[in-house]
Amino acid sequence: MGEDAVARGVEYGPRRGLDEVETPTGRVVFDGDRVAVVYVSGAALRPSDPDDLVAELGGPGEELPGAASAGSELHVYPDQGLALSHDGPKLEMVEAFPPTTLGAYREQLYRDPPRFVI
Amino acid sequence: MRVARLSPEQEHAASAVSRAGAARSGDPRHAHALALQRAAGNRAAQLAISREIRTIQGESVHVHSDAQAASAERIIKRIRRRYGIRIRSGQLVTSTKARYSKAPAGERMKVKKRHWHLRELRALEKACKHYAPILGAHRDESTRKDAGQEVKYFGKATHSIDTNTASGIADSSTLGEYYRSDSTAGIYEIAENDTSFGKDVDASLEWVCTHELSHGLMDYVEEDLRKAAGYWKDASTKTGAGEEPWSGYAKTSLGEDLAESATAYFIKRKAFKKKCPKRFAVIDAAVKAWKKAPAAAPAAAAAAGAAVGAAAGAAGAGVGAAAGAAVGGVVIGGHRS
């Protein structure tokens with residue numbers, strides 16, 4: 001992979017100054033030489049059923065409002081290093097990250113939902 | 001129809017007041033003006049008093065006359081018959097409460113059915129008309145026939161709730177919402193007098209109704225739009241480049257961008273094509289692909305694909321094809337192991 005494949009100084013959630021490499025399915029975000037998060041687009045994973053994924057992960061995990069849509073539900077599994085969001089049957093995204101705590105996830109990766117009015 | 005008129009006592013009292021005023025002034029022109037004023041006032045009062053809420057096809061509708069009631073009934077029936085969408089405000093209330101299940105019970109209890117006004121039903125029918133080729137029986141003749149109709153119910157309620165957390169409150173700023181799990185969309189009371197999305201209330205209502213339908217009915221082109229416009233990295237992260245969205249609200253998320261784009265395509269086509277040619281190409285290709293006759297469908301699909309691909313650019317067009325195959329085992333498989 002060439003240097004030109006790396007985007008410097010990108011944002012991810014509340015964090016800034018990260019590096020990023022786009023992949024066919026999403027992107028890999030680096031904090032220095034460590035992987036901060038692997039983002040996989042829901043479009044690349046469909047038609048996976050979110051309910052099946054949640055069941056495989058052992059239940060709903062920690063639930064937060066997602067940022068992708070008014071109906072977005074984010075399920076966070078901090079100790080497994082995984083999160084996924086969906087709007088009903090539509091899988092929106094999956095994140096993989098180094099195992100952490102919910103507090104650290106919220107601080108470093110969580111995106112506050114915007115205000116949806118229509 | 002029950003139309004309340006001024007009672008004889010009220011008429012008498014109003015006349016007495018007018019006569020007294022004219023007598024006091026002693027000017028016959030004043031008497032004439034007062035008579036006119038009285039007549040106009042009586043008509044306005046009669047209209048105001050004659051408003052009533054009737055149950056029409058199971059929905060509460062605010063009407064002024066039998067003619068309006070009949071009109072409302074015809075619209076509700078047409079929307080069901082032609083477009084396969086049932087007007088069900090109870091379903092919207094249920095969906096709203098379910099989505100915001102973590103909000104305090106007291107806030108969720110505030111979400112109630114809200115009566116319709118005729119202008120709202122008219123706006124909804126206009127919105128449905130934009131999507132006529134893929135609604136109701138027509139959908140079976142379209143290229144969308146194998147996907148279930150994404151909007152089956154449309155309702156009206158008092159409020160939505162601002163966030164699905166313990167701090168969620170019944171809000172008065174959400175104009176409409178789409179509930180994917182329930183194939184339900186609707187508008188909220190605040191939309192009755194809002195002009196945020198149109199030059200007047202009627203235009204804004206049509207915009208909001210079309211936008212809500214678009215969340216469901218056009219969702220399948222979201223990824224095409226993302227690639228073509230180059231504005232979104234993902235559903236909620238901007239690239240910092242690409243074609244500017246149609247409106248400020250379209251910058252909220254990819255899903256809102258899509259719904260705004262589709263709505264602008266139908267309602268502000270010329271301006272949308274000029275401002276957002278890449279988004280226009282995606283929506284236009286999708287819409288044109290709906291109506292093709294079955295025998296011509298493969299050619300239509302190819303043409304639509306070519307248009308989308310051209311808009312997206314060669315690099316972007318290849319991403320989607322590679323994505324599904326490449327990712328299957330990366331994260332999910334990794335977790336399973």
Side-chain angles (χ1 to χ4, degrees), chain A residues 7 10-13 20 22-29 38-48 50-53 56-57 63-74 77 80-97 111-118, chain B residues 95 99 102 160 162-165 168 171 173-183 187 190-191 194 196-197 207-208 211-212 215 219 222-223 226 233-238 240 249 251-256 259-260 263 318-328 330-332 334-336:
Chain A
V10 302
E11 298 177 15
Y12 193 94
E20 177 182 278
E22 282 195 34
T23 68
T25 59
R27 58 194 190 275
V28 182
V29 181
V38 178
Y39 178 99
V40 183
S41 148
L45 293 167
R46 285 172 212 147
S48 305
D51 289 341
D52 290 346
L53 298 179
E56 289 242 12
L57 290 165
E63 296 177 277
L64 298 169
S69 65
S72 183
E73 295 176 40
L74 178 68
Y77 306 86
Q80 298 184 61
L82 283 169
L84 67 90
S85 78
H86 66 98
D87 176 3
K90 178 184 175 183
L91 182 64
E92 294 171 329
M93 66 92 182
V94 173
E95 289 175 324
F97 46 85
R111 307 164 196 212
D112 283 319
R115 186 77 187 92
F116 297 99
V117 298
I118 56 175
Chain B
S95 297
R99 172 172 291 177
K102 295 184 177 64
S160 184
D162 63 350
T163 179
N164 188 26
T165 65
D171 78 74
S173 58
T174 302
L175 300 165
E177 205 154 339
Y178 171 63
Y179 297 87
R180 194 175 307 282
S181 299
D182 304 328
S183 307
I187 56 172
I190 187 71
D194 192 87
S196 303
F197 292 89
W207 189 279
V208 172
H211 177 106
E212 300 312 333
H215 274 305
D219 182 64
E222 185 180 88
E223 186 63 7
R226 189 188 71 78
K233 275 185 194 174
D234 59 50
S236 59
T237 309
K238 300 178 179 82
Y249 186 67
K251 297 177 181 177
T252 306
S253 71
L254 173 59
E256 298 306 324
E260 283 289 90
T263 304
V319 170
V327 80
V330 175
V331 172
I332 305 304
H335 166 69
R336 282 175 181 147

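The chains referred to below are lettered A, B, ... by the order of the sequence lines, with proteins before strands, and numbering in each begins at 1.
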What's the verdict on side chain to side chain contact (heavy atoms under 4.5 Å, CB included) for A/Ser69 and B/Tyr178, showing C-alpha distance, side-chain angles and the deciding distance? CA-CA 10 Å; A/Ser69 65; B/Tyr178 171 63; over 6 Å; no
Distance-only donor-acceptor check, side chains B/His211 and B/Glu256, under 3.5 Å: yes
Please determine whether a side-chain nitrogen of the Lys or Arg among B/Arg99 and B/Asp182 lies less than 4.0 Å from a carboxylate oxygen of the Asp or Glu. no
At a 4.5 Å cut-off on heavy atoms, which part of B/Asn164 comes close to chain A: side chain, backbone, both, or neither? backbone
Is chain B contacted by the side chain of A/Tyr39, its backbone, both, or neither, given a heavy-atom distance below 4.5 Å? side chain
Select one option (side chain, backbone, both, neither) describing which atoms of B/Thr237 are under 4.5 Å from chain A's heavy atoms. both
Using only atom types and a distance under 3.5 Å, with no angle test, would you say the side chain of A/Arg111 pairs donor to acceptor with the backbone of A/Gly66? no
So, the part of B/Thr163 with a heavy atom under 4.5 Å from chain A: the answer is side chain
In terms of heavy-atom proximity below 4.5 Å to chain A, should B/Leu254 be classed as side chain, backbone, both, or neither? neither
For each of B/Ala259, B/Gly255, B/Ser173, B/Gly240, tally heavy-atom pairs with chain A at distances under 4.5 Å, and name the one with the top tally. B/Ser173
Do you know which of A/Glu73, A/Met93, A/Arg27 has the most heavy-atom pairs with chain B at a distance under 4.5 angstrom? A/Arg27
Among B/Ala191, B/Ser181, B/Ser160, B/Gly176, single out the residue with the greatest number of heavy-atom pairs under 4.5 Å to chain A. B/Gly176
Most contacts with chain B, counted as non-hydrogen pairs under 4.5 angstrom, among A/Ala70, A/Gly88, A/Pro65: A/Ala70
Indicate yes or no for a side-chain donor-acceptor contact from B/Lys102 to the backbone of B/Gly168 under 3.5 Å, with no hydrogens or angles considered. no
Under 4.5 Å from any heavy atom of chain A, what part of B/Phe197 do you find: side chain, backbone, both or neither? side chain
Rounded to the nearest 0.5 Å, the CH2 atom of B/Trp207 sits from the OG atom of B/Ser196 at a distance of 12.5 Å
Heavy-atom distance under 4.5 Å to chain B: side chain of A/Arg115, backbone, both or neither? both
Given that the side chain runs from C-beta out, which part of B/Tyr179 has a heavy atom under 4.5 Å from chain A: side chain, backbone, both or neither? neither
Sequence neighbours excluded, the answer for side-chain hydrogen bond (donor to acceptor under 3.5 Å, both in side chains) partners of A/Ser72 is A/Glu92
In chain order, what residues pass the ring-ring contact (aromatic ring centres under 6.0 Å, His included) check against A/Tyr12, with sequence neighbours excluded? none
